[in-house]
**Student:** 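The structure is given below, and queries will be raised subsequently.
All figures in this text were calculated on a predicted structure; none of them were measured in a lab. Naming convention: chains lettered A, B, ... in sequence-line order (proteins, then strands); numbering from 1 in each chain. Values below: all heavy atoms of this structure, side chains included; hydrogens, waters and symmetry mates excluded.
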There are 4 protein chains.
Amino acid sequence: MSKDTPIRTPQQARSIKKRRDLMDAAVRLFDRHGFDGTNAKAIAAEAGVSVGTFYSYFKDKKGILMDILAEHTGEIDHSVFGKLKQAARTGASGREVMRLAVKAGHATHTQPPGVLRMLLGMRYTDEDMRRFQEAEDRAFLRRLTALLDSLQPRLRVTDTEAAAFVMAAAFEEVMHSTIVFDQDIERERLFEALADMGAAYLFIDPDAKG
Amino acid sequence: MSKDTPIRTPQQARSIKKRRDLMDAAVRLFDRHGFDGTNAKAIAAEAGVSVGTFYSYFKDKKGILMDILAEHTGEIDHSVFGKLKQAARTGASGREVMRLAVKAGHATHTQPPGVLRMLLGMRYTDEDMRRFQEAEDRAFLRRLTALLDSLQPRLRVTDTEAAAFVMAAAFEEVMHSTIVFDQDIERERLFEALADMGAAYLFIDPDAKG
Amino acid sequence: MSKDTPIRTPQQARSIKKRRDLMDAAVRLFDRHGFDGTNAKAIAAEAGVSVGTFYSYFKDKKGILMDILAEHTGEIDHSVFGKLKQAARTGASGREVMRLAVKAGHATHTQPPGVLRMLLGMRYTDEDMRRFQEAEDRAFLRRLTALLDSLQPRLRVTDTEAAAFVMAAAFEEVMHSTIVFDQDIERERLFEALADMGAAYLFIDPDAKG
Amino acid sequence: MSKDTPIRTPQQARSIKKRRDLMDAAVRLFDRHGFDGTNAKAIAAEAGVSVGTFYSYFKDKKGILMDILAEHTGEIDHSVFGKLKQAARTGASGREVMRLAVKAGHATHTQPPGVLRMLLGMRYTDEDMRRFQEAEDRAFLRRLTALLDSLQPRLRVTDTEAAAFVMAAAFEEVMHSTIVFDQDIERERLFEALADMGAAYLFIDPDAKG
DNA sequence: AATGAATGAGTATTCATTCAT
DNA sequence: TATGAATGAATACTCATTCAT
């Protein structure tokens, strides 16, 4: 019931490496076989340790997933919004800002495709995952809305919150589609269309220098 | 695969009804508990028949899912594209066409939310599902591209294929989000933003009557 | 969550036999290895069926135990109290009644020693078991108290409830000891002492005919 | 068994304290969670040392239990039998002796209820435990028999060995019941009944002064 | 003396699917 | 046609114990 066994937060170099190894192994296997298709024993084996060791570093099979996830979070926003704000401030046109956004959005998706697929799937399947991503989405939307607000009065949209939502939706879906599904259309054309969409939708004069 | 007990394609009225009952039962349970959370025995029980009977109507647990899916397909395209083409031909403005599209797109999602969630999740999880939906998406894109082409020369986009993709992506994601996830923003505002996005992105003069 | 899979209550002869076989197998293994030392797979194997079958007849590993237990219950009280009341009514002396009681109490313990040991152990270990046996004990005490009351005015005890408790405690412990532990003293001497104790403790004149 | 790292028998003060701490910690946890519900790591943590240290003081998880047990042994007999013999020698009536016995028997159970429950359960479960307690019981019976013999010719029982067994059984069971199980009857009534039983059963004239 | 990281065997339970009746 | 009893593989997680440091 009230058992102890707290999860080890490694300080020693060897411990840190082992944790790293386990997470890398997990990413490898999740990428190949998905979450349900991967079991703790296999992760441990792939990392060259025993199951017991796995469970001393991670509370759960889901635990290691959340930890992997956490690594990919936070950096994202900073890089994306940082770049865009700076561009807007230094006189870039709406179209240029959107092209940057597409590039940044793409750069953001660093996970192996299989991992991304798994993550996306679990949004619909796993309650914790849904909550986690919902929180992330909300935070992202707040920042995007703020960014749009800061671009006024160059914008043609007035409900920036809704506009942010629609833009984020379009971006996400296009990004994910190009990564996890086979597409007939080359990625570059899609990215260009995406940037064009943003430029035409959001800006009064997409090509006017800021 | 090469089994000798082929799946019954029911001709008799009673058989047809039983098949119907099973599919309805499955939808009910999938909606409540998802795909993995529902077992064949439970579906049979909910439909008031035995597991054996279930397996004489459907090859698989996945089999019934695919059959359910198949029902919801085809009708969709017709209704959506039919309405839009007619509107465009009878002098609707770009904005009006987009508003119609949003409405139609929304009307298209007739499945119970839980079923939609399950379906969306399985896109990323199940190979067969992915293939099925990829095929559907491709067909949809072809028709949407054709629709856009038929709207020339009123459009500002030239790569209609890419534009169709981006529009479809935005629509899908917004629709799905509003159905399966909790949103802070009211649906109507999102729909209006979506229509506005399409109008501004696609059309040279969104408010000009066709 | 709300899965179905109700436990099969067998009507067909073959089913009944299988259930019987499983329970007999379980008794055999519980007797030899105790509850924790026996796993469902082993019970199934001993009964010549698969684990799956085990779980279609019993909810749980504890389920089969409770079912085994239930078999040994109820008959007990009837036989014991029936005999004693009749003896008292037909003029038996206090001592004769007590000798009967000892005999009946002993006859009541029909389980194999290992099973009894397991059951006794689980009283202290398993919450469900504790509750079950507490309920049984309470019922038993009520009946025993009533029996004593019906023997008035031949008794020297006045607080029949407490007397019943003490008598039951002594009986139980002696019975259990002689069955599950090694004793230096021959069982017959213990039984005679037990009857003598009851006679001297409860009755004003233990040897007076009723 | 033939390992070369023998269990430390502490001579230094610090060692003795550590051993004490571990045993106290174990008692605390055993009381709360039982034997199976407590693991070596938890005991070590509760005592503020490492698992390794635990295993340098005790051979086993069972080892610490046996050591705890050993502490509670021996003192018991002395106190109980000492008091009773003295009372009998100084003119107490049979009833008075029995009342003293009840009081002493009760005072003897100093362990926390959870510990007692665990111990009682393990009698039936663990071979070592059974042997240990069997040995204790035998020794206790020998002394009790001797005590009874010393009370002759005031006794009505002749087979003092069997009488001792029955009395011990009744005492033990009543004590344990009142400690580890919920009872409807107040302890005092049970204790009075117990004393009355002993008086009436053992003594020719329970109220005659010795 | 002390630490605590590492090991890995062990177990209850579910469920898709088959097939004898 | 229909039944539902039977199968058995597959999986997450715990914990007593060791031993290199």
**Student:** Quick one: do Arg130(B) and Glu127(B) make a salt bridge, cutoff under 4.0 Å?
**Tutor:** yes

**Student:** Can you confirm whether Met23(B) sits close enough to Tyr57(B) that some side-chain heavy atom of one is under 4.5 Å from a side-chain heavy atom of the other?
**Tutor:** no

**Student:** Quick one: on DNA chain E, does Lys61(B) or Lys61(C) contact a more 5' nucleotide (nearest heavy atom)?
**Tutor:** Lys61(C)

**Student:** Hey, which of these two, Asn39(A) or Gly52(A), hits DNA chain F nearer its 5' end, going by closest nucleotide?
**Tutor:** Asn39(A)

**Student:** Identify, between Gly37(A) and Ala40(D), the residue whose nearest nucleotide on DNA chain F lies closer to the 5' end.
**Tutor:** Gly37(A)

**Student:** Is the shortest side-chain N to carboxylate O distance from Glu71(B) to Arg20(B) below 4.0 Å?
**Tutor:** yes

**Student:** Between C1' on dT11(E) and CD1 on Ile43(C), what's the gap in Å once rounded to a whole number?
**Tutor:** 12 Å

**Student:** Given atom CG of Leu29(D) and atom P of dA16(F), what is their separation to the nearest angstrom?
**Tutor:** 12 Å

**Student:** If pairs are Watson-Crick or G-U with both distances under 3.5 Å, what is the dot-bracket string of DNA chain F, marking crossing pairs with [ ] and pairs to another strand with |?
**Tutor:** .||||||||||||||||||||

**Student:** A side-chain contact here means heavy atoms from C-beta on lying under 4.5 Å apart; do Ile64(D) and Phe30(D) qualify?
**Tutor:** yes

**Student:** Could you check which of dT13(E), dA6(E), dT3(F) has an atom nearest any side-chain atom of Val49(B)?
**Tutor:** dT3(F)

**Student:** What's the OH-C1' distance between Tyr57(D) and dT17(F), to the nearest Å?
**Tutor:** 18 Å

**Student:** Salt bridge between Arg28(C) and Asp31(C), side-chain N to carboxylate O under 4.0 Å?
**Tutor:** no

**Student:** Round to a whole Å and report the spacing from NZ of Lys18(A) to C1' of dT7(E).
**Tutor:** 10 Å

**Student:** In whole angstrom, what separates Tyr55(B)'s OH from dA2(F)'s P?
**Tutor:** 17 Å

**Student:** If I compare all heavy atoms of Ala25(A) with all of Glu46(A), which pair ends up nearest, and what's the gap?
**Tutor:** CB-CG, 3.4 Å

**Student:** Starting at CG of Asp36(D) and ending at C1' of dC15(F), how long is that distance when rounded to a whole Å?
**Tutor:** 11 Å

**Student:** If you only use heavy atoms from C-beta on, which nucleotide in dT17(E), dT17(F), dT7(E) is closest to the side chain of Asp60(B)?
**Tutor:** dT17(E)

**Student:** DNA chain E: Ser50(D) or Phe35(B), which has the more 5' nearest nucleotide?
**Tutor:** Ser50(D)

**Student:** Can you figure out which of dG4(F), dT17(F), dC13(F) approaches the side chain of Val51(A) most closely?
**Tutor:** dC13(F)

**Student:** Salt bridge or not for Asp21(D) and Lys17(D), using N-O below 4.0 Å?
**Tutor:** yes

**Student:** In this structure, how many angstroms lie between the C1' atom of dC15(E) and the CD1 atom of Ile64(B), rounded?
**Tutor:** 16 Å

**Student:** Given Thr53(B) and Ser50(B), is the side chain to side chain donor-acceptor pair (under 3.5 Å) satisfied, shown in steps?
**Tutor:** CA-CA 5 Å; Thr53(B) 300; Ser50(B) 70; 3.1 Å; yes

**Student:** Can you tell me if the side-chain N/O atoms of Lys62(A) get under 4.0 Å from OP1 or OP2 in dA12(F)?
**Tutor:** no

**Student:** So, OP1 or OP2 of dT3(E): does either fall under 4.0 Å of a side-chain N or O from Thr53(D)?
**Tutor:** yes

**Student:** Does the side chain of Lys41(B) get closer than 4.0 angstrom to OP1 or OP2 of dC15(E) through an N or O atom?
**Tutor:** no

**Student:** Once you round it to whole Å, what is the distance between P of dA2(E) and CZ of Arg19(D)?
**Tutor:** 14 Å

